[in-house]
Amino acid sequence: MPVLELCLEKILLQCILQSRTLSGADAINALRPFYFAVHPDFFGQHPKEREVNENSLKRLNGYLENLQKPGFRSFKPTQLTFYVREREPNSSNVQESFSASGFRAVSFTLHTRDLLSTVLDILNSCSLSTEHIQSLNVNSQPHKESKSTVNRPIKWDKTYYSFTGFKDPEEELEQAQRVETTLISWLDDNEASAVKKLKKSLPLRKELERLKFELSHQLQLSDIRWQRSWGIAHRCSQLHSLGRLVQQRPEVLKNVKGRTVVFTDRSGMSAAGHVMLGTMDVHHHWTKIFERLPNYYKLQKRLLFLEDRISQLLGGIQVIYIEELQPLLTLEEYYETLDSFYNKLRDSRLPFHPRSLRGLQMVLESDRYAPSLHEFGHFMIPTVCDPATLQWFFFAKAQEARHNLKRKEEMMITEKELIDTSTEKFSLDRLYKEPSVSSAQMIDCCKRLLEESLPYLQGMHLCISHFYSVLQDGDLCIPWNWKN
């Protein structure tokens with residue numbers, strides 16, 4: 001086991017033995033080996049995996065915080081999924097699968113009532129050693145993977161609870177594991193907390209809108225966006241930082257006119273042509289990016305020319321980049337991908353009719369090995385794909401692709417109508433979805449929501465996701481496939 005992980009686990013053990021009242025944040029800090037393996041910052045070019053880990057870390061933090069609340073009794077098992085960067089031998093029986101990018105997906109359910117058992121569950125599930133924690137933990141009950149135990153010094157016989165009328169903690173735990181969370185019950189339990197957080201965030205939300213409007217107008221920007229789901233306070237801080245740069249160096253920002261600025265993990269220009277400002281970079285780095293914009297615009301023109309050349313070689317198919325579905329690439333990275341694919345295609349001299357694939361779309365992916373057709377109708381083509389295989393796949397799937405594209409347009413219209421109708425019916429302040437939720441899933445969710453009476457949602461911000469959660473600024477997250 002690496003020395004760093006060993007030292008961190010020893011620190012974790014000392015914290016647990018010295019204090020049984022660790023906060024959720026302290027527990028996450030103590031789980032450094034786990035944190036290093038799943039932290040979203042290490043998944044910068046893989047948006048799906050990063051988003052899943054971000055959401056699961058938020059839910060884990062909430063679970064740990066609830067464990068530390070005095071007298072907390074309402075208990076619900078929590079299922080989490082994390083993508084782990086490195087593959088290690090694992091003999092545990094947790095559910096594992098691999099994403100298209102090759103990361104190991106680990107799913108496990110937390111159903112423990114004490115901090116130590118929860119920490120051990122997490123480390124075991126992710127194949128991180130727990131030997132030192134278990135061997136030194138002489139004052140705690142043995143950890144069992146197959147069945148969680150309640151942290152009690154005395155285990156009473158079942159007749160004790162029958163005679164006294166007291167509730168059996170272990171029976172409550174088993175019952176909680178059997179009961180599936182429903183939308184109504186979850187909203188009932190979490191409405192007050194969400195309303196409190198939302199009210200607290202309202203002044204900052206107004207400040208964010210003001211800053212965004214003023215900077216967009218002053219710099220004549222097309223839009224200001226955020227790649228990650230940072231909190232309102234964090235976003236305001238980033239806009240204040242950009243505002244200070246505008247005051248100090250107004251001349252370097254003249255080239256950004258008409259562009260979209262995206263706050264993200266690194267600075268540069270994205271494959272979609274947006275100006276990226278790394279949130280960890282200082283003003284000096286941002287200034288350099290703004291000064292280089294004319295050179296980026298020249299490279300973008302060369303990139304568009306390459307896309308056009310590829311289209312001509314492949315029967316008129318349109319080469320596109322979908323930032324919501326593809327890894328975050330810089331303009332330079334995407335240009336290299338296109339250039340490599342174009343040279344390979346040009347040398348193969350495939351016999352395509354000039355207009356045989358007109359009206360169809362394709363994206364290039366460097367982490368894929370076999371071509372496929374997306375449900376939205378665009379082809380997903382590996383940069384290493386054999387040209388002959390590519391030609392056969394296009395012809396075999398062209399009709400299905402056209403059908404999917406038409407269906408996509410219809411679904412987008414239906415989705416927008418249902419979002420508008422749901423927002424109006426429930427008097428929501430905002431209804432939106434995470435990028436990983438498809439249009440089909442959003443449509444299904446909204447249709448079922450409209451059949452319900454949900455006064456809890458009035459004035460709220462509702463996010464359709466894959467899990468239940470109350471975000472730090474009061475947004476309610478519910479899974480698209482919520483249960484009645």
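We use all heavy atoms of the structure for the numbers below, so side chains are in, but hydrogens, waters and symmetry mates are not. Since the model is a prediction, treat every value here as computed from it, not as a measurement.
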Check: [Y] and [X] side chains under 4.5 Å, non-hydrogen atoms:
| X | Y | result |
| --- | --- | --- |
| Arg210 | Glu214 | yes |
| His374 | Asn404 | no |
| Ile464 | Ile478 | yes |
| Glu291 | Lys288 | yes |
| Tyr468 | Cys477 | no |

For the atom pair [atom1] ([X]) and [atom2] ([Y]), what is the distance rounded to the nearest 0.5 Å?
| X | Y | atom1 | atom2 | answer |
| --- | --- | --- | --- | --- |
| Leu211 | Cys236 | CG | SG | 5.5 Å |
| Met269 | His274 | CE | NE2 | 9.5 Å |
| Glu415 | Glu417 | CD | CD | 11.0 Å |
| Asp475 | Leu198 | CG | CG | 7.5 Å |
| Arg235 | Thr279 | CZ | OG1 | 12.0 Å |
| Leu449 | Met442 | CG | CE | 8.5 Å |

* Mind running side chain to side chain contact (heavy atoms under 4.5 Å, CB included) on Asp429 and Leu462 for me, showing each step along the way? => CA-CA 8 Å; Asp429 195 65; Leu462 182 63; over 6 Å; no

* Identify, with sequence neighbours excluded, every residue that meets side chain to side chain contact (heavy atoms under 4.5 Å, CB included) alongside Ser438. =>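 Testing Ser438 for side chain to side chain contact (heavy atoms under 4.5 Å, CB included), a comparison that skips the adjacent residues, returns Glu375, Ala440, Gln441.
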
Could you report the tightest heavy-atom contact between [X] and [Y], atom names first, then the distance?
| X | Y | value |
| --- | --- | --- |
| Glu333 | Leu329 | OE1-CA, 3.4 Å |
| Lys425 | Glu451 | NZ-N, 4.3 Å |
| Ala272 | Gln300 | O-NE2, 4.5 Å |
| Gln472 | Gly231 | NE2-CA, 2.9 Å |
| Leu418 | Cys446 | CB-CB, 3.8 Å |
| Asp281 | Ser267 | OD2-OG, 2.5 Å |

Treating [X] as the side-chain partner and [Y] as the backbone partner, does any N or O pair qualify as donor plus acceptor under 3.5 Å?
| X | Y | value |
| --- | --- | --- |
| Ser241 | Ser237 | no |
| Arg448 | Asn484 | no |
| Lys197 | Val195 | no |
| Tyr297 | Asn255 | yes |
| Lys257 | Leu219 | no |
| Arg205 | Asp473 | yes |
| Arg266 | Met280 | no |

* **Charged tip of Arg430 within 45° of Tyr432 ring normal and under 6.0 Å** =>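 Because its charged atom sits under 6.0 Å from the ring centre and within 45° of the axis, Arg430 does stack over Tyr432.
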
* To do: Tell me, with the steps shown, if Phe376 and His378 meet ring-ring contact (aromatic ring centres under 6.0 Å, His included).
  => CA-CA 6 Å; Phe376 282 170; His378 60 265; 7.0 Å; no

* If the plane angle is over 60° it's perpendicular, under 30° parallel, otherwise tilted; pick one for His217 and Phe213. =>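 Ring orientation of His217 relative to Phe213: parallel.
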
* To do: Evaluate the ring planes of Tyr334 and Tyr321, with Trp represented by its six-membered ring, and classify them as parallel (under 30°), tilted (30 to 60°) or perpendicular (over 60°).
  =>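 Rings of Tyr334 and Tyr321: tilted, as their planes differ by 30° to 60°.
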
* Are Glu434 and Ser465 close enough, and set up right, to give a side chain to side chain contact (heavy atoms under 4.5 Å, CB included), and what steps lead you there? -> CA-CA 6 Å; Glu434 290 187 340; Ser465 176; 2.9 Å; yes

* Arg407 vs Glu410, salt bridge (charged side-chain N to carboxylate O under 4.0 Å, His left out): CA-CA, chis, key distance, verdict -> CA-CA 5 Å; Arg407 181 169 172 267; Glu410 296 170 351; over 6 Å; no

* Asked: Salt bridge check: are Glu207 and Lys212 linked by an N-O gap of less than 4.0 Å?
  ->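 No.
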
* Asked: Who are the ring pair (Phe, Tyr, Trp, His ring centres under 6.0 Å) partners of His285, not counting sequence neighbours?
  ->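 With neighbours one apart ignored, the set is empty.
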
* Can you find a side-chain donor-acceptor pair between Trp230 and Gln238 that sits under 3.5 Å? ->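 Not at all, the side chains of Trp230 and Gln238 share no donor-acceptor pair under 3.5 Å.
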
* To do: Show the numbers, then the answer: is there a side chain to side chain contact (heavy atoms under 4.5 Å, CB included) between Phe290 and Leu245?
  => CA-CA 11 Å; Phe290 288 123; Leu245 180 59; 3.8 Å; yes

* List the steps, then state whether side chain to side chain contact (heavy atoms under 4.5 Å, CB included) holds for His466 with Trp480. => CA-CA 6 Å; His466 298 277; Trp480 68 271; 3.7 Å; yes

* Single hit among Asp189, Asp188, Thr182 for side-chain hydrogen bond (donor to acceptor under 3.5 Å, both in side chains) with Ser185 ->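 Only one option passes, and that is Thr182.
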
Which atom pairs, donor and acceptor, lie under 3.5 Å between side-chain atoms of residues 452-460 and protein residues at least two apart or in another chain?
none

